[in-house]
Amino acid sequence: MQIGPILSTLRHHKLTASLLTLQVAFTCAIVCNVAFMVVNRVRQVSLPSGLAESELSVLKVAGIDQGENPQARHAMDLAVLRAIPGVQTAVAVDSLPLGRDDSTYGTCGSQQAWNHAMAVRSLNGVDGCVNPSVYSGSPGELSALGLRLAAGRDFLPDEYAQAKPGYVAANVPSAIITRSLATKLYPGRDALGQSLYMGGRSPMRIVGVVENLLRPRLREPGVNQYSVLLPSVPGDHAVAYVLRSAPQDRERVLASAVETLTRLDPNRLIPPDGVRTYTQIRHDYFQRDTTMIGLLIASALGLLFVTALGIAGLANFWVQQRTRSIGIRRAIGATRSDILRYFQTENLLIVTAGIVLGVLLAVLLNLLLMTHYELPRLPLWYLPVGALVLWALGQLSVLSPALRAAQVPPVVATRSI
Amino acid sequence: MFGYYLDLALRSLKRTPILTGLMVLAIGLGIGASMTMLTVLHVMTDDPLPGRSAQLYTPHLDPLPLDYKQGGDGPDASDNLTWPDAMALLKAHRAVRQAAMAGGSLLLRPAGAGLRPFNVDGRYATADFFALFGVPFERGSGWSAADDAASAPVVVLADTLARKLFGAANAVGRMVRLGEHDYRVIGVTQDWQPSPMFYADASAKRYSDGDKFFLPLSTAVAQKLDVNGNFSGWGEDHAETRMVSPTTSWLQFWVQLDTPAQVAAYHQYLIDYSAQQKALGSFQRPPTSAKLYGLMGWLAHENLVPNDVRLQLWLALGFLFVCMLNIVALLLAKFLRRSGEISVRRALGAKRRDIFLQLGIESALIGVAGGALGLAIAQLGLWSIRQRPDDYAKLAQMDASMLLGTLVLAVLAGVLAGLLPAWRACRVPPALQLKAM
């Protein structure tokens with residue numbers, strides 16, 4: 001196939017061809033970056049929480065009688081909740097992964113690190129110190145939530161302490177941390193038996209390490225699994241009850257729990273949005289991201305569609321315009337596949353030019369997004385994939401006009417248009 | 001002549017119905033997406049108090065120690081004022097009006113049977129709050145500076161809450177139990193909801209419901225009521241004294257300044273105040289760190305528009321741009337294909353201007369049709385946004401100016417897309433084309 005004649009034809013349509021090239025370039029740049037954003041968000045949305053998600057239901061309840069002892073009330077409620085048919089276990093917790101109620105404490109893995117952080121009055125940038133999220137809950141929390149121990153043991157009954165109202169955690173002797181936090185605080189050492197320095201309390205002993213436990217509120221990747229579990233029984237009037245049941249029982253269990261608790265004491269608050277299965281909690285937390293993923297995919301498809309449209313429309317015009325010269329070429333011996341290949345090559349040239357420009361634009365666009373929207377750097381392999389997609393799209397869209405051109409009979413050459 | 005060109009354009013478009021339809025669809029999609037996002041941005045950055053916003057300012061001091069490091073993802077600790085600073089600014093009385101405030105959520109126990117206890121959001125504020133922001137009253141009035149000084153147990157209710165509690169009866173003079181205390185209702189405001197709620201703490205939902213009750217700030221402090229929002233401390237922290245500590249910031253403060261001279265004088269006063277505090281040893285930062293923001297400037301500083309919304313806007317505009325490129329290329333090809341026809345008309349005496357006008361009308365027609373489609377798509381887009389659970393979503397309505405803007409954008413896009421092809425086509429040398437025929 002000779003490229004020379006194609007190039008000289010394109011030179012006649014400089015403006016049109018370069019407009020199409022530009023369109024391909026912008027599409028390539030935008031679609032590469034959009035695909036990258038979609039992948040990032042999907043990764044975020046599908047982060048595992050560490051819980052037995054499909055078996056959990058959550059009820060947020062607030063007592064309003066300031067005089068009573070909240071912990072006695074919680075214990076009574078839990079006893080009633082455990083009696084509901086289908087409920088395997090029930091615990092009271094202060095917060096849950098993706099529940100948005102986040103309590104963080106400055107925490108260090110060693111006395112020296114803690115002293116250093118105190119001296120510079122900040123944990124930011126001090127080695128061996130981080131701000132993990134702290135979870136407290138009533139006995140049985142680990143098994144009720146379905147958390148998996150990677151090492152060590154669950155809390156012993158005598159390690160539990162009652163938190164004062166308004167305080168997230170009591171002073172407790174022990175803590176369980178996530179595997180990623182253990183690696184961060186005690187690099188190269190076994191975390192079990194180490195001391196944990198948190199917010200000025202007396203140091204706690206690490207008795208267990210759980211595989212995974214996501215934070216109530218996500219941050220940048222890498223620190224999303226920095227969580228600490230304390231054997232501290234929530235002491236606030238507002239608390240969340242977590243019920244574990246078979247997945248298909250969740251709706252029924254929730255309805256019956258609301259009914260039971262209201263009957264027990266009508267004078268308390270159970271906000272309607274505080275009665276959800278864990279699946280709903282996850283869904284609500286990522287609502288924005290899932291909408292955004294849908295929007296991003298829709299706009300990428302829209303762009304590809306419009307570009308395919310442009311390529312096909314333009315090719316159609318060119319075929320019609322060149323009907324006579326195609327006829328002449330056929331009359332002097334060009335085969336149908338020669339004609340077909342002519343238009344395919346022409347498209348290949350235009351799209352390739354567009355891709356070369358588009359790859360440059362994609363990198364520029366990514367740099368722009370990195371500075372304004374804190375997006376990570378675009379992995380370079382997105383570019384060849386984007387190029388392949390556009391090549392395929394170009395060939396597909398030009399196929400039907402090119403086939404029509406190939407059908408032009410040689411006799412057209414003898415007719416005047 | 002115009003009618004004739006319109007006729008020609010319609011004929012030409014009818015000759016290629018699929019292509020015309022696709023061009024209209026492309027421009028409609030581009031415009032629909034862009035207008036949806038522009039409308040969302042427009043309602044989010046709108047002036048919350050038109051007519052009054054130009055006189056409202058919020059002072060900001062920086063009492064933080066020099067070695068204080070802002071947390072990475074937490075709010076700025078110096079966004080709010082401490083109790084001693086707010087009280088000092090209030091007593092100095094250097095502005096036309098001034099008020100300190102903070103948000104709170106309290107449990108309301110209705111006295112009558114039939115209503116269960118529920119939580120309501122409201123505001124703790126000083127007496128000038130109502131006059132400062134021009135809150136309209138239905139009945140009664142706000143409290144006085146004397147009530148502030150006495151920490152009086154009085155409350156002002158919003159109309160919807162008053163109706164919910166007392167029905168059509170006059171609420172003024174009745175008692176309401178909020179949290180653990182009883183308050184006497186002294187006024188009922190009309191429902192008043194600036195959007196965004198510019199005076200709320202940075203961590204509050206700025207586009208949700210307005211305040212349902214108002215209490216004197218001093219009463220809230222005396223009774224240690226719970227405060228919504230960000231309490232940032234940098235000194236010793238004691239639960240008992242946290243609210244009045246000079247090392248805990250939590251209060252919002254707004255002033256009314258009518259003339260540029262007053263603004264300059266107030267800014268100077270803030271700098272002098274900071275210098276004085278620095279001399280006393282309670283501030284460490286340079287006095288010039290004291291700032292005075294205008295209302296719109298403060299909203300810009302707070303950057304309320306979520307990144308996702310901006311990103312969506314850029315995406316939509318990028319989409320529109322690619323659609324435009326597409327239409328320019330297609331129209332160009334289409335017009336140039338008619339070189340023969342154009343040359344005949346030129347040879348028969350048509351001027352370039354006439355050709356340009358004829359082709360321009362044809363592309364404008366595509367623009368108008370695309371705009372109409374875009375408008376429908378934008379309404380659909382806004383409707384879908386209103387279904388979202390975000391707090392700003394329910395504001396996503398198109399007002400008259402945005403409606404007009406869409407039409408202008410559509411015709412502009414169509415004409416712009418047609419301009420280049422029409423210009424190129426009308427410059428085709430007629431002689432050459434005629435010979436080729």
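On a predicted model such as this, the values are computed, not experimentally measured, just so you know. Residue numbers begin at 1 in each chain, while the letters A, B, ... track the order of the sequences.
Using a 4.5 Å cut-off between heavy atoms, B:L420 contacts chain A through its side chain alone, with no backbone atom that close. At a 4.5 Å heavy-atom cutoff, the contact between A:I30 and chain B is made by side-chain atoms alone. Residue contact with chain B, scored on non-hydrogen atoms closer than 4.5 Å, is absent for A:R217. Both the backbone and the side chain of A:Q23 come within contact range of chain B, judged by heavy atoms closer than 4.5 Å. Residue A:T104 does not touch chain B at all, counting heavy-atom pairs closer than 4.5 Å. Only the side chain of A:T262 comes within less than 4.5 Å of a heavy atom of chain B; its backbone N, CA, C and O stay farther away. In this structure, chain A has a heavy atom under 4.5 Å from the backbone of B:F118, while its side chain stays farther away. Proximity to chain A (any heavy atom under 4.5 Å) is restricted, for B:L25, to the side chain, taken from C-beta onward. Proximity to chain A (any heavy atom under 4.5 Å) is restricted, for B:P65, to the side chain, taken from C-beta onward.
For the atom pair CG of B:N326 and CG of A:L20, the computed distance is 8.0 Å after rounding to the nearest 0.5 Å. The CZ atom of A:F305 sits 6.0 Å away from the CG atom of B:L22 when rounded to the nearest 0.5 Å. Between atom CZ of residue A:F26 and atom SG of residue B:C323 there is a gap of 13.0 Å, rounded to the nearest 0.5 Å. Note that the CZ atom of A:F317 and the CG atom of B:L332 stand 10.0 Å from one another [nearest 0.5 Å]. The structure places CZ of B:F335 at 12.5 Å from OG1 of A:T16, a figure rounded to the nearest 0.5 Å.
Here the side chains of B:W314 and A:L368 are not in contact, with every heavy-atom distance at 4.5 Å or above. Within the 4.5 Å cutoff, the side chain of A:V34 has heavy atoms near those of the B:L315 side chain. Within the 4.5 Å cutoff, no side-chain heavy atoms of A:L309 are placed close to those of B:M23. Two residues are said to be in side-chain contact when any heavy atoms from C-beta on lie closer than 4.5 Å; A:D289 and B:D308 fail this criterion. Residues A:H372 and B:R310 have side chains not in contact (no heavy-atom distance under 4.5 Å, counting atoms from C-beta outward). Proximity of A:S299 to B:Q312: side-chain heavy atoms (C-beta onward) are nowhere separated by under 4.5 Å.
No more than 12 heavy atoms of other residues, nucleotides or ligands lie within 6.0 Å of CG in B:D226, so this atom counts as exposed by the packing criterion. Other residues, nucleotides and ligands contribute at most 12 non-hydrogen atoms within 6.0 Å of the CD1 atom of B:I18. More than 12 heavy-atom neighbours from other residues, nucleotides or ligands sit within 6.0 angstrom of CZ on A:R404.
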Subject >> Check against side chain to side chain contact (heavy atoms under 4.5 Å, CB included), A:L369 and B:L311 >> reply: CA-CA 9 Å; A:L369 289 170; B:L311 207 61; 3.6 Å; yes

Subject >> Criterion side chain to side chain contact (heavy atoms under 4.5 Å, CB included) on B:I385 and A:T291, from CA distance to verdict >> reply: CA-CA 10 Å; B:I385 284 178; A:T291 318; over 6 Å; no

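Counting heavy-atom pairs closer than 4.5 Å to chain B, the top residue among A:L295, A:T307, A:N131, A:L303 is A:L303.
The heavy-atom pair separating A:L314 from B:A333 by the smallest distance is CD1-CB, 3.3 Å. The shortest heavy-atom contact between A:G313 and B:L19 is CA-CD1, 4.3 Å.
Exactly one of A:V306, A:T27, A:V24, A:L22 qualifies for a side-chain contact (heavy atoms from CB on, under 4.5 Å) with B:L325. That residue is A:L22.
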